[in-house]
Amino acid sequence: MNRREPLRVAVIGTGRMGADHVRRIDRVVSGARVTAVVDTDAERAKAVAAGVDGCAAYTDPAAAMAAADVDAVLVASPGPAHEAALLAAFAHDLPVLCEKPLTPDAASALRVMEAEQALGHRRVQVGFMRRYDTEYVRLKALLESGQLGRPLMLHNRHRNVASPPFFTSAMLISDSVAHEVDATRWLLGHEISAVTVLRPTPSSGAPDGLRDPQFVVLETDGGALSDVEIFVNCGFGYQVQAEVVCERGTARIGDGHALVTHMAGRWGGTITQDWTDRFAQAYDDEIQAWVDTTRRGGVTGPSTWDGYAAAAVCEAGVRALEEGGRVEVALVEKPALYR
Ligand code: ISE
């Protein structure tokens, strides 16, 4: 594809992220427009479509993908619906941006990876948006410059104000720590080889029965350790912090010091409350990169392999949470398409 005209995008799923991406493509990103939205809830799809010029509402992803005015697909439906949407997109050979997780488990991610290989070319960019966040990008560049020496440990903190009602203890790993799994692989350039999950007494602020917080230790095949404090009912704000400890120094991001005020005998700032705000720039740049590269006929960003590797690590993490102990991660050999 080499499109001079704007890319015509079908957005599958009009929940929180889907609706935000519709707004982003409609008003922020250049070179694309939303021509179709899909949701199993027909009324919700119609309501979102009504806000966008020339946009049709569908309840069936395959019907939207068969439409003559759709060139590319953004999948933002719940994770268990991703496999079917991705396979339908491959049937039409359409480029896809697929929100994380690629799929909820390693077996379904493998099926998607096999189907993409059968096409013979990459079609998928996985929505690990932290790879586009200015602070993460600077950290990665610093590590690659070699100035700090070899990375030994990565300490991550990931805190949400409150978890939604449907959140389970396993989702702290598969939905939230999934980001640190990808960030660790990307920043260090290592695969994760084993996972251990420690479970302190849950916070009294967490819903009954939810194991929150958790402390996750990721071991990498390059001999580094990455630990993650995940706390999804911290109550006070949205915080994502990372500190890398290398042989010759350390580097840290996510302190949120963009604006510091001094007033009336106190100093301080505000804490972001939510990821669509904290990572707004990352989401904008991620979707812009997808649109630009797709219009040139290319593929960029995290691949189906990255989505599969994250799914396999999260699956091991959920086992470690449920059974205790250290669980090793077994990845298939990396296919040539992703090397
Ligand atoms: C959510 O799905 C996200 O992707 C957010 O970035 C993360 O902070 C949150 O914990 C997840 O539930």
Side-chain angles (χ1 to χ4, degrees), residues 11-21 24 74-82 97-105 125-137 155-187 197 202-203 205-207 210-216 218 226-242 253-256 271-287 301-302 306-307 310-311 313-315 317-318 321:
V11 176
I12 318 283
T14 56
R16 180 167 183 187
M17 281 319 300
D20 197 38
H21 285 318
R24 175 168 289 109
L74 193 158
V75 177
S77 46
H82 288 187
L97 187 137
C98 181
E99 263 299 342
K100 50 74 48 177
L102 176 70
T103 64
D105 54 69
Q125 175 179 338
V126 181
F128 284 122
M129 80 298 188
R130 290 195 193 170
R131 295 191 187 201
Y132 295 86
D133 173 66
T134 311
E135 292 184 54
Y136 272 95
V137 168
H155 306 300
N156 305 276
R157 295 188 203 97
H158 184 167
R159 302 182 182 129
N160 290 205
V161 177
S163 57
F166 55 82
F167 226 67
T168 62
S169 299
M171 287 175 82
L172 271 79
I173 309 273
S174 60
D175 204 60
S176 304
V177 174
H179 286 292
E180 279 76 19
V181 166
D182 184 64
T184 298
R185 297 180 59 253
W186 179 65
L187 285 172
V197 180
S203 162
L210 194 72
R211 304 270 357 178
D212 182 32
Q214 297 171 21
F215 191 82
V216 180
L218 307 169
S226 174
D227 60 77
V228 189
E229 173 211 303
I230 179 68
F231 187 11
V232 296
N233 288 277
C234 80
F236 63 84
Y238 185 72
Q239 280 185 328
V240 169
Q241 300 172 333
I253 58 172
D255 288 322
I271 309 176
T272 314
Q273 296 293 299
D274 156 271
W275 66 85
T276 51
D277 179 31
R278 162 66 182 86
F279 287 110
Q281 164 271 319
Y283 282 120
D284 290 351
D285 288 356
E286 170 194 60
I287 303 297
D306 296 310
V313 173
C314 290
E315 198 174 299
V318 171
L321 166 72

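Whatever order the structure lists ligands and atoms in, that order sets their numbers, starting from 1.
Of all the atoms in ligand 1, the ones that sit under 4.0 Å from a non-hydrogen atom of Lys100 are 1 (C), 2 (O), 3 (C), 4 (O). Numbered from 1 in the order shown, with element, the atoms of ligand 1 that lie under 4.0 Å from a heavy atom of Ser176 read 9 (C), 10 (O), 11 (C), 12 (O). Heavy-atom proximity to Tyr238, at under 4.0 Å, picks out these atoms of ligand 1: 5 (C), 6 (O), 7 (C), 8 (O). Shown in contact with His179 at under 4.0 Å from a heavy atom are these atoms of ligand 1, numbered in order with element: 3 (C), 4 (O), 5 (C), 6 (O).
A 4.5 Å side-chain heavy-atom check between Val197 and Phe215 finds every atom pair outside the cut-off. Using a 4.5 Å heavy-atom threshold, the side chains of Leu74 and Ile287 count as touching.
Every heavy atom of Met17 sits 4.0 Å or more from the atoms of ligand 1. The shortest heavy-atom distance from Phe167 to ligand 1 is under 4.0 Å.
Nearest to atom 12 (O) of ligand 1 by heavy-atom distance, out of Val177, Leu172, Val232, Asp175, is Asp175.
Ranking the protein heavy atoms by distance from atom 9 (C) of ligand 1 puts Asn160 OD1, 3.1 Å first. Looking only at protein heavy atoms, the nearest one to atom 5 (C) of ligand 1 is Trp275 CD2, 3.4 Å.
Aromatic ring pairs are classed by plane angle as parallel below 30°, tilted from 30° to 60° and perpendicular above 60°; the pair Tyr238 and Phe279 is perpendicular.
Ion pairing between Glu286 and Arg131 fails under the 4.0 Å rule for side-chain N and carboxylate O. Between Arg130 and Asp182, none of the side-chain N atoms (NZ, or NE/NH1/NH2) sits under 4.0 Å from a carboxylate O, so this pair counts as no salt bridge.
Some N or O of His158 is nearer than 3.5 Å to an N or O of ligand 1, by distance alone.
With sequence neighbours left out, the salt bridge (Lys or Arg N to Asp or Glu O under 4.0 Å) criterion links Glu315 to no other residue.
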Show me the donor-acceptor pairs, under 3.5 Å and distance only, between side chains in residues 164-177 and residues at least two apart or in other chains.
unit_1: Thr168; atom_1: OG1; unit_2: Met171; atom_2: N; d: 3.2
unit_1: Ser169; atom_1: OG; unit_2: Arg211; atom_2: N; d: 2.9
unit_1: Ser174; atom_1: OG; unit_2: Ala170; atom_2: O; d: 3.3

